[in-house]
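Please read these numbers as outputs of a predicted model, since none were measured by experiment. Just follow the structure's listing: the first ligand is 1, and inside any ligand the first atom is 1. Worth knowing before you read on, the calculation uses all heavy atoms, side chains too, and leaves out hydrogens, waters and symmetry mates.
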Amino acid sequence: TSRFHVVTKVYELAQPFSFFLTKVAGIADKYNSTLALDIKDILSADMGNLVASCQFNYMFDIPWLVQQYPKEFRSKPLLIVHGEQGPSKTTLEAEAIDYSNVRFCQAKLEMLFGTHHTKMMLLQYDTGMRVVIHTSNLIKQDWHQKTQGIWISPLFPKMAKPSATEGDSTTHFKRNLLEYLSAYKAYQLKDWINNISEHDMSTARVVIIGSVPGRHTGDQMKSWGHMKLKRVLQQHGPSNGVVKNWPVIGQFSSIGSMGANKEAWLCGEWLQSLSAATGGTTLSSVPLLKLVFPTKDNVRCSLEGFPAGGSIPYSINVAKKQMFLHDFFHQWRSEGQGRSRAMPHIKTYLRPSPDNQKTAWFLVTSANLSKAAWGALEKKGTQLMIRSYEIGVLFLPKFFGGKDLFDVSSNFEMLKSSTDVFPLPFDLPLTDYIKGKDRPWMWDIPYMDLPDTNGNIWCPG
Ligand SMILES: CNc1ccc(C(=O)O)c(C(=O)O)c1
């Protein structure tokens with residue numbers, strides 16, 4: 001087999017999950033080894049001989065992005081899928097004026113406050129294609145000193161006969177990807193939709209959890225956002241008897257308005273979906289919810305210093321309306337992965353065992369803790385209103401060897417030597433906020449009492 005088959009084999013042998021963190025500049029090399037990738041590794045010729053690619057994202061630096069491809073691939077057709085409108089769309093398109101191979105697709109954002117948050121790469125090679133679902137913007141700083149997540153698909157071979165229904169996996173990966181792309185109703189995606197239908201994606205073992213803007217009713221209500229996750233957990237998740245006393249952990253880098261109290265959405269519909277299980281859930285027990293969100297000092301002492309907080313857009317105006325939320329918060333700590341000072345831009349959700357040795361499932365996604373991303377039920381629960389485009393992949397033990405649970409660890413020594421321990425991006429048990437001292441990071445207030453890693457203070461606005 002040619003070299004990239006070998007390389008792919010190595011990646012897949014490194015771990016069956018194909019879940020990686022991004023490389024971080026300034027930490028010991030051992031933490032940037034087999035389980036970490038840079039964008040240049042993803043786009044490398046070792047992964048395949050690129051013919052064309054499609055980049056879905058929120059923020060783009062087009063000249064920087066083109067430079068991340070090997071030079072022999074920099075003039076291959078590149079489709080950029082974004083959510084910019086008006087002047088900012090013109091500015092983005094102007095950035096590509098020198099690149100005749102770059103085309104644009106503007107995702108419709110008809111819901112107020114919606115964003116095109118999805119971060120995905122479609123990579124077409126001469127021998128097949130890969131799908132990459134991740135959490136980094138396509139700008140240098142997102143790949144420099146942050147904690148970000150990446151899922152890379154196996155190489156999906158081309159089928160003899162194109163088919164939208166054949167060549168799917170037990171997790172309906174191909175069908176869900178086609179549904180997601182079709183929801184854009186964008187003619188610029190037609191060729192990629194056809195391309196995908198020509199590939200055999202039966203080796204995909206993750207479940208796609210996507211969000212698309214709209215007011216979704218009927219069957220569509222359970223195709224997106226937290227209602228999709230709920231349905232998948234009810235069908236393929238852990239049994240309620242096993243997990244009913246297990247916490248749900250949410251970890252994210254931005255937060256929307258949660259309403260007046262925890263029952264309004266967070267511990268009502270959202271937690272009900274994330275705590276779904278097979279065999280129904282005992283409504284009485286509302287599961288424990290634990291949230292991971294950096295403190296002001298986590299940001300101040302990070303590798304980037306206060307500027308890391310520029311990518312953690314929690315506003316004081318939102319925070320002051322939901323002080324109840326902060327009781328759920330825990331610090332960002334990732335000693336095992338050497339990333340305690342690499343601020344999180346990754347977003348992950350999981351259902352860990354009380355002894356922190358197992359998880360019933362793991363989701364890495366673009367979705368922050370917001371109703372815009374996950375959806376909010378309306379009209380007595382008959383419709384799900386979603387504002388933004390999001391996409392993530394759910395790892396379920398059932399599809400990784402028919403197990404009931406994943407062993408988990410964030411300890412890179414443990415992860416390096418085992419093949420089927422799920423690599424957690426942060427440490428368990430979680431670390432509490434220090435009472436009376438720690439505050440959640442907020443990006444739009446000044447911090448002038450203590451200097452950051454670079455000796456600077458923070459004076460936004
Ligand atoms: C309003 N725009 C954004 C808010 C939050 C984030 C995040 O991921 O935390 C992003 C992004 O980086 O895509 C954009």
Any salt bridge between [X] and [Y], counting N to O under 4.0 Å?
| X | Y | answer |
| --- | --- | --- |
| Asp449 | Lys296 | yes |
| Asp327 | Lys262 | no |
| Glu304 | Arg341 | no |
| Asp38 | Lys23 | no |

Check this for me - ligand 1, [X], N or O atoms closer than 3.5 angstrom, yes or no?
| X | answer |
| --- | --- |
| Asp142 | no |
| His117 | yes |
| Lys119 | yes |
| Lys347 | yes |

- Between Phe329 and His326, how do the two ring planes meet: parallel, tilted or perpendicular, split at 30° and 60°?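 The rings of Phe329 and His326 sit tilted, inter-plane angle from 30° to 60°.
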Can you tell me which residue and heavy atom of the protein come closest to [atom], and the distance to 0.1 Å?
| atom | result |
| --- | --- |
| atom 9 (O) of ligand 1 | Ser253 OG, 2.8 Å |
| atom 4 (C) of ligand 1 | Pro313 CG, 4.0 Å |
| atom 1 (C) of ligand 1 | Tyr58 OH, 3.7 Å |

- Task: Answer yes or no: is there a donor N or O on one side and an acceptor on the other, between the side chain of Arg231 and the main chain of Lys222, under 3.5 Å?
- Result: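 Side chain of Arg231 to backbone of Lys222, a donor-acceptor pair under 3.5 Å: yes, one is there.
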- Task: Examine the proximity of ligand 1 to Asn137 and report which part, side chain or backbone, both or neither, has a heavy atom under 4.0 Å away.
- Result: side chain
